[in-house]
Amino acid sequence: LAAGASCNPLDTSRVCNGAAGYQCLQNGAGTEVCLNPAIEVCTVAATINEGTTAGDLSAAYDGFQGSCSTLEPAPDQGFEYATQLAASKLEVDVGGVFSGANDDFTIFARAGICENSGVELGCEPPIGFGTGIGSLTVRGLEQGDIVTVIVESAGYGRYNVTLDEVAVTALAPGAPCDPAAAGDTELCTAGTSCLGGPAPRAFSCTTRTLIGTAGAPCIVGATDAVCD
């Protein structure tokens, strides 16, 4: 069955197009129809700014699963944020309120807008059990990056999500860097990474060179030039 077609989850002779991600689910009117839960989550994903935004999972769909998700099925709500700073990290905090005060919240983030289902940038499971709080830090961001933050909970409750974009030092290609601080207090930009070593060899913002010739000289432990 195609998107929007009426269905019955108990009728195996008429099934939704699972290959396209459709499932027999209730829509907002309480009617069972073929829906793609990921599409439903992204259709109502909100574009937000820094600060606190209210969230509500009571009528949400389970469209995504983070690498650290443990409680499934769990409905999701998406929030899109565009970074404003030259180099930054994004701190995300979730706190349950009202019906969600004691819910367990998983938070994960993906690169790009919700519909693109980009690479996962980070995932954090609930903090404790029944605490109603969660926290995630997304590192390695440059100005103009779009991040989709997804909040999920099997409790279907209400919550507040707070975003704070924190500036880190932007390093130009060729600049010296500290791999231990990468993404947290400093960030190599323009497609470079903090590579080099091992000590006493220095680290700098550069791209990795692959050594593809058998017998070619190399440095054990170096990250800027590695055997392919």
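For the atom pair SG (C114) and CZ (F79), the distance works out to 10.5 Å, reported to the nearest 0.5 Å. Rounding to the nearest 0.5 Å places CZ of F203 at 6.5 Å from SG of C194. Here the CD-CG distance, from Q84 to N49, works out to 7.5 Å after rounding to the nearest 0.5 Å. To the nearest 0.5 Å, the span separating CD on E115 from OG1 on T43 amounts to 6.5 Å. Taken to the nearest 0.5 Å, the CZ atom of R158 stands 6.0 Å off from the CG atom of D56. For the atom pair CD of E152 and CD1 of I150, the computed distance is 8.0 Å after rounding to the nearest 0.5 Å.
Closest approach of G140 to L187, counting heavy atoms only: CA-CD1, 3.6 Å. Residues A38 and N36 come closest through the heavy atom pair N-OD1, 3.0 Å. Between S204 and G174, the closest heavy-atom pair is CB-O, 4.1 Å. The two residues D104 and G128 have their closest heavy-atom pair at OD1-O, 3.9 Å. S99 approaches G157 most closely through the heavy-atom pair OG-CA, 3.6 Å. Between A87 and A170 the shortest heavy-atom distance is CB-CB, 3.7 Å.
V161 and V138 end up in the same hydrophobic cluster when Ile, Leu, Val, Met, Phe, Trp and Tyr side chains are linked at under 4.5 Å. With hydrophobic clusters built from ILVMFWY side chains whose heavy atoms lie under 4.5 angstrom apart, V147 shares a cluster with F105. Residues F108 and V41 share a hydrophobic cluster, clusters being chains of Ile/Leu/Val/Met/Phe/Trp/Tyr side chains in contact below 4.5 Å. I48 and V92 fall within a single hydrophobic cluster, where Ile, Leu, Val, Met, Phe, Trp and Tyr side chains are chained together by heavy-atom contacts under 4.5 Å. By the criterion of side-chain heavy atoms lying less than 4.5 angstrom apart, applied directly or through intervening Ile, Leu, Val, Met, Phe, Trp or Tyr residues, L121 is grouped together with V94 in one hydrophobic cluster.
On the SG-SG cut-off of under 2.5 Å, C205 and C177 do not qualify. Between C16 and C34, the sulfur-to-sulfur (SG-SG) separation falls under 2.5 Å.
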- [ ] Given side chain to side chain contact (heavy atoms under 4.5 Å, CB included), test E186 with D178 step by step and report yes or no.
- [x] CA-CA 8 Å; E186 63 182 36; D178 178 2; 3.7 Å; yes

TODO: Go through the steps for Q23 and L35 under the test side chain to side chain contact (heavy atoms under 4.5 Å, CB included), then give the verdict.
DONE: CA-CA 5 Å; Q23 303 174 29; L35 298 174; over 6 Å; no

Task: Check against side chain to side chain contact (heavy atoms under 4.5 Å, CB included), K89 and T137 - done: CA-CA 7 Å; K89 58 183 177 182; T137 299; 4.1 Å; yes

- [ ] Under the side chain to side chain contact (heavy atoms under 4.5 Å, CB included) rule, what do L90 and Y81 come out as? Steps first, then yes or no, please.
- [x] CA-CA 10 Å; L90 189 63; Y81 178 79; 3.9 Å; yes

- [ ] Test side chain to side chain donor-acceptor pair (under 3.5 Å) on E165 and S88 and set out the steps.
- [x] CA-CA 6 Å; E165 185 180 1; S88 65; 2.8 Å; yes

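Using a 4.5 Å cut-off on side-chain heavy atoms (C-beta onward), D164 and E50 make contact. Put simply, the side chain of R208 does not reach to within 4.5 Å of the side chain of D224, judged on heavy atoms. Side-chain contact between S153 and L57 is present, with at least one heavy-atom pair separated by less than 4.5 Å. Taking 4.5 Å as the limit, some side-chain heavy atom of V149 sits within range of a side-chain heavy atom of I107. Side chains of I219 and P198 form a contact here, defined as non-hydrogen atoms less than 4.5 Å apart. A 4.5 Å side-chain heavy-atom check between P37 and D62 finds every atom pair outside the cut-off. Two residues are said to be in side-chain contact when any heavy atoms from C-beta on lie closer than 4.5 Å; Y61 and D76 fail this criterion. Contact annotation: the side chain of S135 approaches that of I127 to within less than 4.5 Å [non-hydrogen atoms, C-beta and beyond].
When only modelled atom types and interatomic distance are considered, T192 and T207 share no side-chain donor-acceptor pair under 3.5 Å. Between the side chains of S67 and E120, at least one donor N or O lies within less than 3.5 Å of an accepting N or O.
For D228 (side chain) and I211 (main-chain N/O), no donor-acceptor pair under 3.5 Å exists by modelled atom type. Counting only distance, with no hydrogens or angles, the side chain of D145 and the backbone of E142 share a donor-acceptor pair below 3.5 Å. A side-chain donor-acceptor contact under 3.5 Å links T189 to the backbone of L171.
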